[in-house]
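Nothing here was measured: the structure is a model prediction, and the numbers come from that model. We name chains A, B, ... by the order of the sequence lines, and we start the count at 1 in each one.
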2 protein chains.
Amino acid sequence: MPYQLLKKNLNGNLNLSSKELEKISSYFTSKEIKKKEFLLTQGSICKFEGFVVQGCFRVFSIDKNGNDNTLYFAAKDWWLMDIDSFMNQTPSELSIEALEDSKVLLIGREDKQELCNSLPIVEKLFKIMFQKAIVSWQRRLIRNHSLTAKERYLYFIKTYPDISLKLTDKQIAGYLGIRHEFLSKIKKTEK
Amino acid sequence: MPYQLLKKNLNGNLNLSSKELEKISSYFTSKEIKKKEFLLTQGSICKFEGFVVQGCFRVFSIDKNGNDNTLYFAAKDWWLMDIDSFMNQTPSELSIEALEDSKVLLIGREDKQELCNSLPIVEKLFKIMFQKAIVSWQRRLIRNHSLTAKERYLYFIKTYPDISLKLTDKQIAGYLGIRHEFLSKIKKTEK
DNA sequence: TTTTAGAGTTGAACTTGTTCAACTTTTTTT
DNA sequence: AAAAAAAGTTGAACAAGTTCAACTCTAAAA
């Protein structure tokens, strides 16, 4: 069942034969993470790429001033990793925390390389996934520049209604780039 | 010489044989663009991926309120495209404008596909380029959330001193996500 | 079940950034 | 070289978002 979700996700990016899907999935191992546990800690090296099967995660980084910046949340059917750290095996600038008991499928670096070598279409598959990711990062930047905090909040809960329900307002504020006190004030004026 | 720059850029992402570099470059065609001309107009379909050999471009989008959001500037040695429009052949949300007389190397969609098919390592090459792009978009988002406008401005001119010189303050303000009047006030207090 | 820690709310004072309008300076066009 | 069009500056009034502190309301731990 978890592998079924992965296959569906992969197939949504690039049409693959069931044999290819089978082979790709076989490289992933399942892992369960309890609420509040970390899948990755800032400063350590990211050894996996992960796909969320169940639960919810928060990907964030803490800067020198102690500010907690949430890059994104990842619930079921989302991918999860510190690309930079995984790619270059450098200390991660990001942390990944489970917000509830969760389940992920992980692929390690060597395994991914081996998979890419033996099945070249995987390279293309990830290329497409990364392309889509860039588009959404660009759009988020534009929204951050052109919308007010309130508009960004309304966009967020409308676009990710399921994820919003799992989050505290503090977490949402961290994602929007505002203080949680201000989010509280925003919500008062809502509708 | 322009192709030399392209080869060097490609090789910086992934080690390639000179034969591979030769083949890849051969798919690109050179194009000159005069200052103020557009390489891509919002609403039209992006038919190329471009590499800047000379000059400088601004990649931006105008939202419904008429706000001009600059996504990035691309000078010599930068890549240039609307990924979403190029990938899906949908109307572009972005415009690309030459800020000075410029020269680019372009590869069309079909050509790129053909190239990828005949030389699979190209898929990997672009995958790596896209990965790097994601990392820099993520970092920019974090900076936008954790730095003040002044800090972002100082970071920008320090990180891209060459590009900054080519830009007006209005253009820089558009990139930083602030009004140009405010940038003017920031600069007064600078040092 | 009680305690405790964390999440959410509110107000007042404050800082950052915007708006608009008038003006000066620089660049481009004729 | 003059005229026109942009780019940059400044000030005053304003709006958006922050800070801090006090408080209330959960939710989780003991």
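- Atom NZ of A:K8 sits in a sparse spot, with 12 or fewer heavy atoms from other residues, nucleotides or ligands closer than 6.0 Å.
- Heavy-atom contacts from other residues, nucleotides or ligands closer than 6.0 Å to NZ of A:K31 number 12 or fewer.
- Closest contact between the side chain of B:T148 and the listed nucleotides C:dG17, D:dT10, D:dT19 involves C:dG17.
- If A:S184 and B:G177 are placed on DNA chain C by their nearest nucleotide, the residue sitting closer to the 5' end is A:S184.
- Remark: P of D:dT18 and NZ of A:K185 are 9 Å apart, rounded to the nearest angstrom.
- Here the nucleotide nearest the side chain of B:H180, chosen from C:dG17, C:dT9, D:dG8, is D:dG8.
- The side chain of B:D169 approaches D:dT9 more closely than any other nucleotide in the set D:dT9, D:dT19, C:dT10.
- In terms of hydrophobic clustering, with Ile, Leu, Val, Met, Phe, Trp and Tyr side chains grouped at heavy-atom distances under 4.5 Å, A:F86 and A:L94 are assigned to different clusters.
- Checked options B:K170, B:R58, B:R179; the residue passing with B:D68 is B:R58 (criterion: salt bridge (charged side-chain N to carboxylate O under 4.0 Å, His left out)).
- Comparing B:K36 and B:E181 along DNA chain D, the residue whose closest nucleotide (by nearest heavy atom) sits nearer the 5' end is B:K36.
- Listed pair A:K35 / D:dA28 meets the phosphate criterion, a side-chain N or O lying under 4.0 Å from OP1 or OP2.
- In this structure, A:N144 atom CG and C:dG17 atom P are separated by 14 Å, rounded to whole Å.
- For B:I178 and D:dA16, the CD1 to C1' distance is 15 Å, given to the nearest whole Å.
- As rounded to whole Å, 13 Å separates atom P of D:dA16 from atom CZ of B:R179.
- Side-chain atoms of B:A149 lie closest to C:dG17 of the nucleotides C:dG17, D:dG11, C:dG11.
- No hydrogens or angles were tested; on distance alone, nothing pairs the side chain of B:K187 with the base of D:dT10 as donor and acceptor under 3.5 Å.
- What separates CG of B:L99 from P of D:dA7 is a distance of 11 Å, to the nearest Å.
- Comparing D:dG8, D:dG17, C:dT9 by their closest approach to the side chain of B:T168 singles out D:dG8.
- Between A:K170 atom NZ and D:dT18 atom P there is a gap of 15 Å when expressed in whole angstrom units.
- When rounded to the nearest whole Å, the span between CD1 of A:I172 and P of C:dA7 equals 13 Å.
- Between A:D162 and A:K76 there is no salt bridge, since no side-chain N of the basic residue sits under 4.0 Å from a carboxylate O of the acidic one.
- The nearest whole Å value for the distance from the CZ atom in B:F182 to the P atom in C:dC20 is 17 Å.
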